[in-house]
Number of protein chains: 2
Amino acid sequence: MVERGSTGVPGGRRKQRVSMADVAKLAGVSSQTVSRVSNGYPGVIGATREQVLTAMRDLGYRPNSAARALRYGQFNTIGVILFSLSSTGNSRTVEAIATRAAAEGYAITLIPIDVPTQDNVLGAFTRMGELAVDAVIVIMEIHLLDTGTVQLPPGVHVVVVDSDAGDRYSVVDTDQADGARKAVSHLLDLGHRTVWHVTGPETSFAGQRRTQAWRRVLEEAGRPVPPPLHGDWSAESGYAAGLALAAQPDCTAVFASNDQMALGLLRAFHERGLRVPADISVVGFDDIPDAAFFVPPLTTVHQDFAEVGRRCVQDALHQIRTHGGSQPGTDLVPTSLVVRHSTAAPPDRHR
Amino acid sequence: MVERGSTGVPGGRRKQRVSMADVAKLAGVSSQTVSRVSNGYPGVIGATREQVLTAMRDLGYRPNSAARALRYGQFNTIGVILFSLSSTGNSRTVEAIATRAAAEGYAITLIPIDVPTQDNVLGAFTRMGELAVDAVIVIMEIHLLDTGTVQLPPGVHVVVVDSDAGDRYSVVDTDQADGARKAVSHLLDLGHRTVWHVTGPETSFAGQRRTQAWRRVLEEAGRPVPPPLHGDWSAESGYAAGLALAAQPDCTAVFASNDQMALGLLRAFHERGLRVPADISVVGFDDIPDAAFFVPPLTTVHQDFAEVGRRCVQDALHQIRTHGGSQPGTDLVPTSLVVRHSTAAPPDRHR
DNA sequence: GCCCCGCATGTTTACGTAAACATGTGCTGT
DNA sequence: ACAGCACATGTTTACGTAAACATGCGGGGC
């Protein structure tokens with residue numbers, strides 16, 4: 001008989017992972033008793049328990065979660081499908097999801113999608129299907145999924161962030177419209193005749209809703225609606241928009257659809273010699289940590305990403321526990337306007 | 001006999017997930033044949049294969065990864081333990097890890113640690129041990145682990161980012177020292193007599209190494225070494241440091257240990273009427289996307305987070321495939337200096 | 001024409017765990 | 001003192017998959 005446990009490689013161990021049977025043998029008990037100790041069940045006498053615990057320590061026993069999952073039919077894992085972690089919002093949402101899930105004893109499995117083509121998304125869902133996942137949280141413009149093509153594996157519970165798919169899925173989202181409303185109203189209240197707007201990409205529902213709300217507020221107030229400038233969330237696109245806006249003599253207030261584009265605006269205005277907020281006011285959206293340290297500190301709409309993440313997990317767990325008992329619908333997380341120093345009344349000549 | 005498949009809950013299905021046996025029954029074959037088809041093995045005649053595929057589709061069969069993992073003894077999953085996703089660097093590293101891992105057919109499981117106490121870290125490792133994970137990537141100051149207390153579960157392969165634990169673990173990291181050297185040298189080359197410095201937190205090895213390199217360059221050039229100012233990576237701490245530095249009449253150049261603190265510096269200097277770079281030069285570290293749109297655009301050290309993530313996964317996979325065959329050691333990813341507009345020669349009076 | 005071999009498919013088994021059921025010991029109550 | 005029961009512990013089984021081994025059929029070589 002060859003001793004297969006020994007190997008010449010330092011630290012190179014066969015995958016002879018320690019199982020309950022091994023512990024049981026060493027402790028001189030049955031594997032069921034080991035199981036009971038491992039799971040903290042009562043009905044094991046002190047001395048036996050000690051023996052088992054000692055054996056576990058000596059052998060470095062760790063339960064095999066695959067076997068557990070197989071036994072229980074669930075994995076204590078939530079999958080997160082997302083397009084990108086680069087945006088502050090996404091990474092903070094994911095962090096909140098992970099933290100909350102950990103507190104509930106769930107792990108998070110990340111499935112990133114490089115390029116959001118139908119194929120890739122479909123692939124991600126397929127992989128999720130094969131994956132050990134009890135529920136899936138999708139952080140992505142859901143219309144990319146085109147429900148006709150992409151079939152969510154049945155029996156997998158889904159929560160969607162940042163989408164209008166509330167009729168089909170459980171949706172958690174920031175109240176984009178209300179946030180935008182607050183931003184635009186704030187500028188109008190300061191006395192600006194109207195508010196210009198730098199949008200997010202057209203593929204973004206969050207961006208679309210902010211833009212809709214911006215338009216709505218202006219229309220309701222009977223103000224002219226300037227043509228929106230199209231951005232892509234990046235500071236660079238904000239900078240480009242800022243150069244264009246600086247050439248508009250009647251532009252005294254801008255609502256940017258996120259803080260990074262607002263940063264680009266600030267730089268463009270600074271370059272063109274426009275003082276913020278004396279000559280022109282800027283409001284952003286997101287309230288990223290850096291926003292308070294822009295020059296000048298940015299007035300912006302605060303999004304509670306942590307709360308979004310928390311509710312996602314709550315909803316996912318609820319679906320898991322009730323076997324999909326919850327109805328589709330949209331859960332809106334409120335926003336708040338954080339007023340800093342990038343907004344003020346318009347210059348006198350524009351009054 | 002009660003039919004347990006039916007339930008009154010809309011969409012609420014028992015966990016009667018479709019198994020190979022179900023497919024086999026419908027297709028009129030044995031489950032082994034289904035297995036063969038599922039895994040694309042040869043030795044199944046066309047007609048039979050078609051029958052099985054049809055049955056799979058009809059029932060919506062998806063393989064159970066827990067059973068697979070149990071059978072094979074591995075999970076095709078890499079765990080990532082991290083302190084925070086909030087920092088740009090971490091989230092981009094994680095994104096790169098996830099992307100690369102996905103390309104290799106591995107999933108990523110995230111374990112966040114709220115507060116990096118020994119207990120929490122230990123808990124995370126324990127959970128990882130129980131988790132279905134073939135390797136672990138730790139993004140964290142490793143000295144928090146204090147190897148005496150925290151025991152990595154044996155048989156789990158580990159890669160560490162941002163640490164000096166190269167003697168015990170496989171470490172992948174940005175070449176912090178070289179990056180800092182480039183930053184400080186750049187400023188000296190411009191004619192500054194010396195360079196002030198805002199550090200990262202003392203608990204950060206990355207920060208420590210940047211600070212060491214800063215000091216070393218000054219000493220080697222025979223320049224005075226001003227007392228470093230202590231930051232915590234946040235723009236706010238950079239702002240505070242900036243206010244202090246603005247009061248130093250002989251300070252003409254500052255190296256901030258990351259871009260966010262540099263942002264804080266820029267704002268403080270702007271508030272104090274110091275022009276950057278005419279009166280004072282600033283260099284950051286990281287090259288976050290926004291840095292190009294600071295006022296003025298920031299000269300900074302570019303870190304290739306994506307490459308770090310990629311190498312982490314490569315190393316982890318290598319360990320998995322060779323059963324831990326790789327030796328501990330440090331794999332350094334090079335940096336580059338990106339010169340923008342926040343640096344210039346010192347004002348004449350300081351020449 | 002018969003034997004043997006190859007190939008398609010079926011059967012058995014093990015992976016590690018834990019519920020369900022089975023056993024056996026000692027103590028309690030009358 | 002003995003029935004009966006509570007409690008500690010052991011045994012069996014199922015979870016879904018796939019390797020290893022077994023079966024059975026048809027066709028080619030002699």
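Because only heavy atoms are used, hydrogens play no part in the values below, and waters and symmetry mates are left out as well, while side chains stay in. Chain A is the first sequence line, chain B the second, and so forth, proteins listed ahead of strands; every chain is numbered from 1.
- Which of C:dA19, C:dA14, C:dA8 sits closest to the side chain of B:I45 comes down to C:dA8.
- In this structure, CE of B:M20 is placed 15 Å from P of D:dC15, rounded to the nearest angstrom.
- Side chain of A:E95 to backbone of B:L85: a donor-acceptor contact under 3.5 angstrom is found.
- Closest to the side chain of A:Q32, out of C:dA18, C:dT11, D:dA18, is C:dA18.
- Phosphate proximity of D:dA18 to B:N39: present, with a side-chain N or O under 4.0 Å from OP1 or OP2.
- With hydrogens and angles ignored, a donor-acceptor pair under 3.5 angstrom links the side chain of B:R36 to the base of C:dG10.
- The interatomic distance linking A:F75 (CZ) with D:dG16 (C1') rounds to 10 Å, in whole Å.
- For the pair A:Y72 OH and C:dA20 C1', the interatomic distance rounds to 13 Å; values are reported in whole Å.
- Between A:R68 and C:dA18, a side-chain N or O to OP1/OP2 separation shorter than 4.0 Å is present.
- Put simply, A:S31 has no side-chain N or O that comes within less than 4.0 Å of OP1 or OP2 on D:dG10.
- Side chains of A:P112 and A:L82 form a contact here, defined as non-hydrogen atoms less than 4.5 Å apart.
- Whole-Å rounding puts the B:R71 CZ to D:dC15 C1' distance at 14 Å.
- Between the side chain of B:T54 and the backbone N or O of B:E50 there is at least one donor-acceptor pair closer than 3.5 Å.
- Summarising the geometry, the separation between CD on A:E50 and P on D:dT9 is reported as 13 Å, rounded to the nearest angstrom.
- Put simply, A:T33 has a side-chain N or O that comes within less than 4.0 Å of OP1 or OP2 on D:dG10.
- Across C:dG16, D:dA18, D:dG16, the shortest atom-to-atom separation from the side chain of B:S19 is found for D:dG16.
- Ion pairing between A:R100 and A:E307 fails under the 4.0 Å rule for side-chain N and carboxylate O.
- Straight-line distance from the CG atom of A:N76 to the C1' atom of C:dT17: 14 Å, rounded to whole Å.
- When distances run from any side-chain atom of A:T48 to the nucleotides D:dG16, C:dG10, D:dT9, the shortest one goes to D:dT9.
- Whole-Å rounding puts the B:Y41 OH to D:dA20 P distance at 10 Å.
- Within the structure, a side-chain polar atom (N or O) of B:Y61 is placed less than 4.0 Å from OP1 or OP2 of D:dT17.
- Residue B:S30 has its side chain nearest to C:dG10 when only C:dG10, C:dT17, D:dG16 are considered.
- Considering only side-chain atoms of B:A67, the nucleotide from D:dA19, C:dT17, D:dG16 that sits closest is D:dG16.
- Within the 3.5 Å criterion, the main-chain N or O of A:T77 finds a donor-acceptor partner in the side chain of A:D134.
- Nearest-nucleotide positions on DNA chain C place B:G28 closer to the 5' end than the other of B:L70 and B:G28.
- Rounded to a whole Å, the CG atom of A:N64 is 13 Å from the C1' atom of D:dC15.
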